[in-house]
Amino acid sequence: MADHSAQGHETYYVPESSPMAVLATVGLVATISGAAMGINDLTFGESGGINSWFIFWMGLTFFAGVLFTWFRTAIRENIAGMNSPQLKRSYVIGMQWFIFSEVMFFFAFFGALFYIRNLSGPWLASEGVYDMNYLLWGDFSYSWPMMETPQEAIGGATKQFIANNGVFVGPERSMAFPGWSNIFHWLPLWNTVILLTSSYTCHVAHHKLKLDNDRKGFNLWLGITVFLGITFVGLQILEYYEAYAHYGLTLETGAYGTTFFMLTGFHGFHVVMGMFMLLIQWLRSVKGGHFTQDEHFGFEASSWYWHFVDVVWVGLFLFVYIL
Amino acid sequence: MGEHHGPAKGISRWFLTTNHKDIGALYLWFSFAMFLLGGSFAMIIRAELFQPGLQLVEPEFFNQMTTMHGLVMVFGAIMPAFVGLANYMIPMMIGAPDMALPRMNNWSFWILPPAFTILAGTLFMEGGGPNFGWTFYAPLSTTYAPPSVTFFIFGVHIMGLSSIMGAINIIATIVNMRAPGMTYMKMPLFVWTWLITAFLLVAVMPVLAGAVTMMLMDIHFGTSFFSAAGGGDPVLFQHIFWFFGHPEVYIIILPAFGVVSHIIPAFSRKPLFGYDSMVYATASIAFLSFIVWAHHMYTVGMPVAGELFFMYATTLIAVPTAAKVFNWITTMFRGSLSFETPMLFAIGFVVLFTIGGFTGLMLSIAPADFQYHDTYFVVAHFHYTMVAGAIFAMSASVYYWIHKWTGRRYNESMGKAHFWISFLGFNLTFFPQHFVGLAGMPRRIPDYALQFADFNMMSSIGAFIYGASQLLFLYNVIATIRSGKKDDTAKTWDGAEGLEWEVPSPAPYHTFSVPPQVK
Amino acid sequence: MCFKAKQLCKLVLYPAIVLLSIFGGSAWAEEAQRWQVNMTPGVTEIGHKIFDLHMLVFWICVITGIGVFAYLIYSIVAFRKSQGAESAHFHENTTVEILWTVIPFLILIAIAVPSTKTLLEIYDTDDADLDILVTGYQWKWKYEYLDANGENVSFFSNLSTAQGEIYNAEDKGQHYLLEVDEPVVVPVGKKIRFLVTANDVLHSWWVPAIAVKRDAVPGFINESWTRIEEPGIYRGQCAELCGRNHGYMPIVVHAVEQEEYDAWLAERKAKAAQIKELMSKNFTLDEQMEAGKAIYMSACVACHGVNGEGGVGKPIAGSPIATGEITGLINILVNGKPGSAMPAFGNQFNDVDLAAVITFARNGFGNNMGDVVQPIDVYNFKQGQ
Ligand code: HEA
Ligand code: HEA
Ligand code: CUA
Ligand SMILES: [Cu+2]
């Protein structure tokens, strides 16, 4: 209904009031409170009362349902032609800045990694301004990946009371480059190949739709992208399994385990999100016949997200695995 | 498609609304409620500090009050207040019918009340609420924190989500919905300052989310971001926090700058002096705000090169801020000035904020900060910038625009009384804090040595006066809404310029369904 | 201390005096005075430099402020509409805009030069005559003299103000909240390096008169130094929020002439030797109860209550741990309870004191288990870990 006013400036679509926001809030709050209580082992009432994780799952399901309805409404409005070009631009801007906010979220974690690797790690080993730290950490020597925590270096938690608020035993093996002879067993490399390929296939899908108006091709290449995404996640799970089972590398293995799992973990989580987004676009195209040559913002937004997730991986591959 | 539909009836109007004015009003009321809550915590703090010794509360509770006061004021009172103002005014100022993404707008608001309910609820949990200061330094906020910290963390996540969505919405609105002819360099300054503030928000709120996420992992999942024994560093937390925290203080003050840049020209009946330099100054402040964060950490033991870098960068902020102060005064110079309540608050803002800026400059000198840091001198500094800065600007805005919002006039003499009592009470509260701070009184203590007693008593009395004046304000606002003199002139103030003054008062539910042409 | 009308009068009277005394600069003093409005220049060279820097920036701000506010007040007074002022319409002037960008910039450079110099001096911790390792604990300080070729000189320094003063049951003394049981004693005229760290959370070791403030970060050792010129007693406080009793962990530095310092050191060493002797002694129940009670009342009472009824900590009276297996009790005292507020006292007290307080926990408050814990038991427990 993009009618144009006398000045050639479209009037704006103002949505009817909507219960989505309040419902989504209910879902979000239930999810969050359930998780917070679950983590703290709180239950309602006596044992056998309502379990907090139950609240969490109920909340999450409800929340997901609301979001689904919400997006469906937005999509339907768009298909019904209710969105003016201006509103469409607003969606584009919204998505771009959302991705920027995600970039900043990762920035915090990369920042933490650089800080530990380049500053505080060496300081703990009495380098630089902290040249008296040996009084606390003996002859702890710093290297990255940090295979031995300062705590271990002085003989465990009981030997040095200062700042020992946990038990941190370094990993047995790191995820670093295992040398050329083992390169084919090195999962991160394969993951890099897979993810970069998926970025390319995603691009091809876009190309098919936008330039060639080839829906079959679009569906095919997008399908391949989603498949590669799933493979990536699968391999990542395998890698985590190996880390825990064979490398002694866990969340609790000091700074190395911490940064390794937090960075790759949040990345993995974003991959899962991105994959779901692409999957939904695929379903929309295959089942619903959505998208046209110049009307496919749902897909475009998801593909931006996917490329973003990819770029983050390149950073990870460089700074977490190789360097 | 419903261009002229009015508000829904009854209570559901507020839950279901997608209208920028409704949502703006919700934000404004919510933030005022939080201001009263945070203010009540401050009253408990000041009552306990009335005399040395422990009279009213135990130290644990005092720490919770300090923490909650800071958190509620910063995240609950000031930020939502300016987001509310942005919601209400920006579409009107740029000639748009509404915000760019109205449904998301509603959601950004509605997750806030539960977030603060959770936060305030922690006070009643076992082990008490957050007691580690609004800066929640690890490991006091991790290994040594009460169990309620998990709720605090998730509360911060939700607030962050709200701020990010709100900011994205504002950016989309400003970038995309300006009326034809309104180029960037014709935008009113409040719009400009908010555009830049929104950018800061999108850039740093995720970093805060990262910081609390790391805390969560350290507390519950055995990671060692902030534990030296595992190879981390407690100071890492401070770097991440202040990377967010310093831009945050400009998030608080930039919209206030914007408001003042509207009010001073209006009551000087003269265009704003140096519009372009105002825009560039705002942008420079925003840019600099990213590279000064460690001035909060001069005493943590950084390498001296870092210390010097952060010192130089910090002092530089005085330059663009100076430009702003001079621009405001020069706007008044050779104007035709009248002193209604908004103008009084705006002038109060300029004077007191400048004093706060001066103490900021003193704090930025690293060697001297070794003596100032974590004393009441810092407390005085930031209340001059935040209370006399942001809160005064907020009061000014309400008086300035309330007629546009309600179509009714407020009571001028009550407004003036509010200003003068606030001004007096404020200075009586916070000026003596400079003295005790310099003399050596640390902050965040429930009890103090005897030589600080006199100034603290003054400070507490001032705080009660200032607090009481806020009740007068509340009364004035409610009285205006219910029984203020009706008057539908478009221009409340003869000197005011801008699109919002071209529509009747109160402004129609959807202001511009046909965009105005801006020359 | 109740509120008197006289005080109210002072509230009005004093500000005038106060303002005057700012301009006069404040007199040198060991500790903050009533109505003191300015920073202390202190008793060290660095302190004086910091003070001068502070005054420099202060005066720059005052002068700029006078200029800015004069301009503001002039504009307000001269251009009142009520006096018929008509508004002009200029809104730009590149020259003045450049001027008021450049001038502040130059002022800032003028400030930056002396600040940089002073900062570099503060950071120069080389060639110290004496190293003192300062460790912050919740909520007390530990001092270890690294240079005294006797690792025995190490002690804790606790707040010594009585609970009654804090809760207003007794009159507050002159040094209310700024007094400790064991001050840190240092010689004057020597370069003393403080190595500051923390055991649990962040603290900050601050003594205004000697111009040292350093954050105590668990796991890292920060360095700072001072050279005190005048003998005297200098008081300070923890300056980083560290939990419940953050307001109650003062610092007292006792600066004395070299001879006096040497004598003090000798005495400390003798005391340490004495404790070594006590290690092998067998105490009676009564002796242990008496010694233990004293320790309990200073170190444990804040969390466990005067009658062992609990508070932050669990009750001691009838506690299953205090009345259970004895190693369990020794263990919780030595190692604390990780993840709770119960601190590890194993390296905070010597084994003699530990044995006493353990005996007290076991027999006090009606626990009456009847057994006496000896220093050697604690020692053996620690060795066995
Ligand atoms: C609205 C909030 C706000 C604003 C605008 C500011 C503005 C500034 N702040 Fe402030 N600050 C806070 C809020 C704010 N601050 C808070 C909340 C804290 C404490 C947080 C905590 O620990 O809890 C803090 C703490 C803080 C510290 C750390 C102190 C410490 O903990 O030891 C420092 C140190 O550098 C600092 C500096 C500055 C500077 C240089 C400015 C500058 O932007 C000021 C610039 C303005 C002027 C200088 C005045 C106008 C200029 C002229 C009239 C021109 C001529 C002037 C000269 C050249 C002299 N601030
Ligand atoms: C924008 C933010 C903001 C605002 C508006 C305020 C407003 C006030 N603050 Fe603020 N304050 C902070 C932000 C803010 N503060 C921060 C960030 C900290 C640091 C926290 C930390 O250390 O972690 C802090 C810390 C802080 C301290 C130091 C605490 C400590 O170190 O232990 C003190 C002490 O005086 C104080 C006092 C006050 C007072 C009296 C007001 C007054 O302006 C409040 C006035 C408002 C009211 C009083 C409410 C309205 C009235 C009623 C509800 C009716 C009841 C009234 C009466 C009984 C008279 N604040
Ligand atoms: Cu220790 Cu504050
Ligand atoms: Cu800052």
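As a basis for the values below, the full set of heavy atoms in this structure was taken, side chains included, without hydrogen atoms, waters or symmetry mates. Because the structure is a prediction, the values reported are computed rather than measured. Here is the naming used below: chain letters follow the sequence lines, and residue numbers restart at 1 for every chain.
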Chain C contacts, top residue of [options] (heavy-atom pairs, under 4.5 Å):
| options | value |
| --- | --- |
| Gly440(B), Ala368(B), Pro303(B), Ala439(B) | Ala439(B) |
| Val235(B), Asp369(B), Asp374(B) | Asp374(B) |
| Thr142(B), Leu308(B), Thr135(B) | Leu308(B) |
| Met362(B), Met441(B), Arg443(B) | Met362(B) |
| Ser268(B), Ala366(B), Pro59(B) | Pro59(B) |
| Val319(B), Val350(B), Val304(B) | Val304(B) |

Mind checking whether [X] and [Y] have side chains closer than 4.5 Å, heavy atoms only?
| X | Y | result |
| --- | --- | --- |
| Pro271(B) | His89(C) | yes |
| Ser82(C) | Ser338(B) | no |
| Phe69(C) | Thr354(B) | yes |
| Ile329(B) | Val68(C) | yes |
| His246(C) | Arg444(B) | yes |
| Gln36(C) | Phe452(B) | no |
| Leu361(B) | Cys61(C) | yes |
| Val201(C) | Tyr137(B) | no |

Counting only heavy atoms closer than 4.5 Å, note whether [X] contacts chain C via side chain, backbone, both or neither.
| X | value |
| --- | --- |
| Gln55(B) | both |
| Phe358(B) | both |
| Ala138(B) | backbone |
| Asp276(B) | side chain |
| Thr330(B) | both |
| Ile219(B) | neither |
| Ile365(B) | side chain |
| Phe377(B) | neither |
| Phe61(B) | neither |

Is chain B contacted by the side chain of [X], its backbone, both, or neither, given a heavy-atom distance below 4.5 Å?
| X | value |
| --- | --- |
| Leu108(C) | side chain |
| Ser224(C) | neither |
| Glu223(C) | neither |
| Ala78(C) | neither |
| Leu72(C) | both |
| Leu56(C) | neither |
| Val96(C) | side chain |

Looking only at heavy atoms and a cut-off of under 4.5 Å, which of [options] has the most pairs with chain B?
| options | answer |
| --- | --- |
| Ile50(C), Val212(C), Ile60(C) | Ile50(C) |
| Tyr74(C), Trp100(C), Tyr176(C) | Trp100(C) |
| Thr64(C), Leu53(C), Thr116(C), Ile107(C) | Thr116(C) |
| Asn245(C), Ile109(C), Asn93(C), Ile166(C) | Ile166(C) |

So does [Y] get a backbone contact from the side chain of [X], meaning a donor-acceptor N/O pair under 3.5 Å?
| X | Y | value |
| --- | --- | --- |
| Asn63(B) | Gly243(C) | yes |
| Lys81(C) | Ser336(B) | no |
| Gln371(B) | Pro208(C) | yes |
| Asn222(C) | Val300(B) | yes |

Within 6.0 Å of CZ in Arg334(B), more than 12 heavy atoms from elsewhere:
no
Output, in order, the C-alpha distance, side-chain angles, deciding distance and verdict of side chain to side chain contact (heavy atoms under 4.5 Å, CB included) for Trp206(C) and Thr299(B).
CA-CA 10 Å; Trp206(C) 180 36; Thr299(B) 58; over 6 Å; no
Between [X] and [Y], what is the shortest heavy-atom contact and its length?
| X | Y | result |
| --- | --- | --- |
| Val217(C) | Asp233(B) | CG1-OD1, 4.3 Å |
| Ser115(C) | Pro367(B) | O-CG, 3.4 Å |
| Ala449(B) | Leu178(C) | CB-CD1, 3.7 Å |

As an exercise, state the distance from [atom1] of [X] to [atom2] of [Y], rounded to the nearest 0.5 Å.
| X | Y | atom1 | atom2 | value |
| --- | --- | --- | --- | --- |
| Leu119(C) | Met311(B) | CG | CE | 6.0 Å |
| Gln237(C) | Thr375(B) | CD | OG1 | 11.5 Å |
| Ile76(C) | Ile347(B) | CD1 | CD1 | 4.0 Å |
| Leu438(B) | Thr40(C) | CG | OG1 | 11.0 Å |
| Phe58(C) | His434(B) | CZ | NE2 | 10.0 Å |
| His91(C) | Asn327(B) | NE2 | CG | 12.5 Å |

Do Lys270(B) and Phe90(C) meet the cation-pi criteria used here (NZ or CZ under 6.0 Å from the six-membered ring centre, within 45° of the axis)?
yes
Can you name the one residue among Trp328(B), Phe326(B), Phe333(B) that meets ring-ring contact (aromatic ring centres under 6.0 Å, His included) with Tyr71(C)?
Phe333(B)
Should the pair Glu86(C)-Arg269(B) be classified as a salt bridge under the 4.0 Å nitrogen-to-oxygen rule?
no
Under 6.0 Å between ring centres, would you say that holds for Trp35(C) and Phe455(B)?
yes
Please assess Tyr275(B) against Glu92(C) for the test side chain to side chain contact (heavy atoms under 4.5 Å, CB included), listing each intermediate value before the final yes or no.
CA-CA 8 Å; Tyr275(B) 174 93; Glu92(C) 240 166 20; over 6 Å; no
Those residues at least two apart in sequence (or on a different chain) that pass side chain to side chain donor-acceptor pair (under 3.5 Å) with Gln238(B) are none
